[in-house]
Amino acid sequence: MATPSSNQVTAKAHTNIALVKYWGKKDEDLIIPQTGSLSLTLDHFYTETTVSFSKGLKTDTIKIDNQLVNQKNWQKIHSFLNIVRKKAHINLPAEVSSFNHVPYAAGLASSASAFAALAAASSRAAGLSLNKKQLSQLARRGSGSACRSIFGGFVEWIAGQDDESSYAMPLKSDLINDIRIVALTIKTSPKKFSSRKAMRLSVQTSPYYKSWIQLVKHDLAAVKITLLNNDFSTLGHISELNAMRMHALTMSSDPSILYFNEATLRIINSVKQLREKGIECYYTIDAGPNVKIICKEKNVSIISKYFEKIFDKNRVIVAKPGSGVTYE
Ligand code: DP6
C-alpha cells in the first residue's frame, strides 16, 4: 500500500570562504554569533540534498554519499529537522539523501553547503515557502556559516541578537568578476578540535577575545568599502590579517590550539614571496591547516603552476564565485 508522503525536494548549495571570519557565539543554541562576518560563495564545491517526509518511516533516515550517517551526525541533522517540523506543524519522519561535492581534503567547510542545502530542501518538502532571508535564518540553526551559503557571491552575515535579527544578505561588487580562490589541500585527516569547540574555547579563555569583537566591526566596515570601490588590494590585505588574528585567538586559548602545520607555514611564506615578486595574492585559513589563496583571474595560472610544483596537481583547486541555493 502506498504511504502518504510529502513531495520530494532536491536543493543544491555551494560552500563559502569567509574573508572576515565568524569566530564565537553569544547564543550556542540559536547560533547567534558574537560578530558579523563576510564571505565569498564558491562555485567548485557544493552539496546536493533530497528530502521527503513520510508516514512510512519509523524515524529519520539520513544518508550522506549513500552511507547511513553515524549517531553523532544523525542527532545533529535530526535536531535540525525538528526545527523544520515545528515550523511546518508536521510530525513526520524524513528521508534525507545528501551528496557532497566538497572534497574533504579541500579543507572547505562542507557543513556550510550541507546545512544550506538541507534547509532549502527540508523546508520546502515540509510545505514551507521561505524567502532567502528566512532560509538563511533556518540554515544558521544547523551551522553558522551555512546562513551565508544561501546567497551567491559576496555575503554578509548580520550578527543580530536573536533568531529574527541574525541572517545573511548578499553584497554587490564588481570585484566578483575578477576574484578567484586557489584552494591548496594539504591535509585530509579529521581535525582534533572542531570549529564549534575551538570557537567556544576562544570566547571563554582567550584574553584577546574582547579586542576581536572590536576588530571585526572595523574589518567588516572596511571590507564593505573595498567592495564598493573595487579595491582588491585592500580587500586581500584585510582578509589575510583577519584570518591571522582569528588564529591568534585559537593559539591564545587554554588549551592552546594550533591549526597550522609545516605545509601551512611554507605556503604562507610562498604567498609573501609571490607578492614581493609582484604577483598579487593573499592567503586565508579556516579551522584547519589548508590554505586558500585570494587572487585575481589574471594571476590564477602562475599561482596554480607555482604550487603544483610543490604539491600534487590534484591538491590545487581553482574556484570562482558561486551562486546561491537552487532547487532542481
Ligand atoms: C573558521 O559555521 O562551522 O570557517 O556554527 O559551530 O557550525 P558552527 O561553526 P562553523 O564555523 C566556521 C568557522 C570558520 C569561519 C567562517 O566560516 O566564518
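Quick caveat, the model's predicted, so the values are computed rather than measured.
The nearest pair of heavy atoms linking Pro207 to Ser252 is CD-O, 3.4 Å. Across Tyr306 and Gln273, no two heavy atoms sit closer than the pair OH-OE1, 3.8 Å. Across every non-hydrogen atom of Val318 and Ser304, the tightest pair is CG2-OG, 3.6 Å. For Ile317 against Thr185, the heavy-atom pair with the smallest separation is CD1-CG2, 4.2 Å. Ser136 approaches Phe151 most closely through the heavy-atom pair CB-CE1, 4.2 Å. Residue Ser149 comes nearest to Ala13 through the heavy atom pair O-CB, 4.4 Å, listed as atom of the first residue, atom of the second, then distance.
No donor-acceptor pair under 3.5 Å is formed between the side chain of Ser97 and the backbone N or O of Thr50. Proximity of a side-chain donor or acceptor of Asn16 to a complementary backbone N or O of Ser39 within less than 3.5 Å is not detected. In this structure a side-chain-to-backbone donor-acceptor pair under 3.5 Å is present from Asn230 to Asp174. Panel note: side chain Ser206, backbone Val203; no donor-acceptor pair is recorded below 3.5 Å. Side chain of Thr205 to main chain of Asp254: a donor-acceptor pair is present (N/O by atom type, distance under 3.5 Å, no hydrogens or angles). A donor-acceptor pair under 3.5 Å is absent between the side-chain atoms of Glu156 and the main chain of Met169, judged by distance alone. Looking at Asn70, its side chain does come within 3.5 Å of a backbone N or O of Lys72 through a donor-acceptor pair. Here the side chain of His247 pairs a donor or acceptor atom with the backbone of Ile285 at under 3.5 angstrom. The backbone N or O of Asp231 lies less than 3.5 Å from no partner atom in the side chain of Asn229, so there is not a single donor-acceptor pair.
Arg148 and Thr41 share no donor-acceptor pair across their side chains, judged by distance under 3.5 Å alone. Side-chain atoms of Ser111 and Ser143 include a donor-acceptor pair closer than 3.5 Å. Ser166 and Trp157 share a side-chain donor-acceptor pair at under 3.5 Å. For the residue pair Glu280 / Ser233, a side-chain donor-acceptor distance below 3.5 Å is found, with atom types taken as modelled. A donor-acceptor contact closer than 3.5 angstrom links the side chains of Lys305 and Ser301. A donor-acceptor contact closer than 3.5 angstrom links the side chains of Thr47 and Asn100.
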* To do: Just do the side-chain hydrogen bond (donor to acceptor under 3.5 Å, both in side chains) check on Gln161 and Ser165 with the steps written out, would you?
  => CA-CA 6 Å; Gln161 55 283 319; Ser165 57; 3.3 Å; yes
* What do the steps show when you test Val216 against Asn242 for side-chain contact (heavy atoms from CB on, under 4.5 Å), and what is the final call? -> CA-CA 8 Å; Val216 172; Asn242 182 271; 4.2 Å; yes
* Carefully, step by step, assess Val96 and Thr49 under the rule side-chain contact (heavy atoms from CB on, under 4.5 Å). => CA-CA 7 Å; Val96 177; Thr49 299; 3.9 Å; yes
* To do: Run the numbers on Ile267 and Ile186 for side-chain contact (heavy atoms from CB on, under 4.5 Å), then give the verdict.
  => CA-CA 10 Å; Ile267 298 168; Ile186 50 188; 4.0 Å; yes
* Stepwise, does the side-chain contact (heavy atoms from CB on, under 4.5 Å) test hold for Val316 with Val182? -> CA-CA 7 Å; Val316 181; Val182 180; 3.7 Å; yes
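Atoms OH and OG1, on Tyr46 and Thr326 in that order, are 10.0 Å from each other to the nearest 0.5 Å. The CG atom of Leu118 sits 5.5 Å away from the CG atom of Leu81 when rounded to the nearest 0.5 Å. In this structure, Ser122 OG and Ile77 CD1 are separated by 10.5 Å, a value rounded to the nearest 0.5 Å. Note: Arg180 CZ to Leu42 CG = 11.0 Å, rounded to the nearest 0.5 Å. A distance of 13.0 Å separates NZ of Lys292 from OG of Ser239, quoted to the nearest 0.5 Å. Atoms SG and CZ, from Cys147 and Arg141 in turn, are 12.5 Å apart once rounded to the nearest 0.5 Å.
Enclosure of atom CG in Asn91 is not indicated, since only 12 or fewer non-hydrogen atoms of other residues, nucleotides or ligands lie within 6.0 angstrom. Around NZ of Lys132, the count of heavy atoms belonging to other residues, nucleotides or ligands within 6.0 Å exceeds 12. With a 6.0 Å radius and a threshold of 12 heavy atoms from other residues, nucleotides or ligands, Glu28 has its CD atom above the threshold. Within a 6.0 Å sphere centred on CG of Leu228, other residues, nucleotides and ligands contribute more than 12 heavy atoms. The environment of Tyr327 atom OH is dense: over 12 non-hydrogen atoms of other residues, nucleotides or ligands sit within 6.0 angstrom.
Under 4.0 Å is where a charged nitrogen must lie from a carboxylate oxygen, and between Glu48 and Lys12 no such pair does. For the pair Arg140 and Asp163, the salt-bridge criterion is met [side-chain N within less than 4.0 Å of a carboxylate O]. Salt-bridge check for Arg275 with Glu240: passed, with a basic side-chain N closer than 4.0 Å to an acidic carboxylate O. The pair Asp60-Arg85 counts as a salt bridge, with a side-chain nitrogen and a carboxylate oxygen less than 4.0 angstrom apart.
Under a hydrophobic clustering in which Ile, Leu, Val, Met, Phe, Trp and Tyr are joined whenever their side-chain heavy atoms come within less than 4.5 Å, directly or via other members, Ile32 and Leu220 fall into different clusters. Ile90 is not connected to Leu57 by any chain of hydrophobic side-chain contacts under 4.5 Å among Ile, Leu, Val, Met, Phe, Trp and Tyr, and they are in different clusters. One hydrophobic cluster, built from ILVMFWY side chains closer than 4.5 Å, cannot hold both Phe99 and Phe45; they sit in different ones. Cluster membership check: Leu227 shares its hydrophobic cluster with Ile176, using side-chain heavy-atom separations under 4.5 Å among Ile, Leu, Val, Met, Phe, Trp and Tyr. When the side chains of ILVMFWY residues are joined at heavy-atom separations under 4.5 Å, either directly or via intervening members, Leu40 and Ile225 end up in two distinct hydrophobic clusters.
A heavy-atom distance below 4.5 Å is found between the side chains of Leu138 and Phe80. Within the 4.5 Å cutoff, the side chain of Thr226 has no heavy atoms near those of the Phe232 side chain. When side chains are defined from C-beta on, Ile257 does not count as touching Met251, because their heavy atoms never get closer than 4.5 Å. Looking at Tyr259 and Thr264, their side chains never come closer than 4.5 Å, going by heavy atoms from C-beta outward. A 4.5 Å side-chain heavy-atom check between His14 and Ser113 finds every atom pair outside the cut-off. When side chains are defined from C-beta on, Pro289 does not count as touching Phe260, because their heavy atoms never get closer than 4.5 Å. In this structure the side chain of Ile293 reaches within 4.5 angstrom of the side chain of Val271, judged on heavy atoms. The shortest distance between side-chain heavy atoms of Leu135 and Leu130 falls below 4.5 Å.
The ring of Tyr282 has its center no closer than 6.0 angstrom to the ring center of His237.
Cation-pi contact between Arg315 and Phe307: absent, since separation from the ring centre below 6.0 Å together with deviation from the ring axis within 45° is not met.
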Return a table of donor-acceptor pairs under 3.5 angstrom between the side chains of residues 17-25 and protein atoms on other chains or two or more places apart.
unit_1 : atom_1 : unit_2 : atom_2 : d
Lys21  : NZ     : Ala18  : O      : 2.9
Lys21  : NZ     : Thr284 : OG1    : 2.8
Lys21  : NZ     : Asp286 : OD1    : 2.5
Tyr22  : OH     : Lys25  : NZ     : 3.1
Trp23  : NE1    : Ser202 : OG     : 2.9

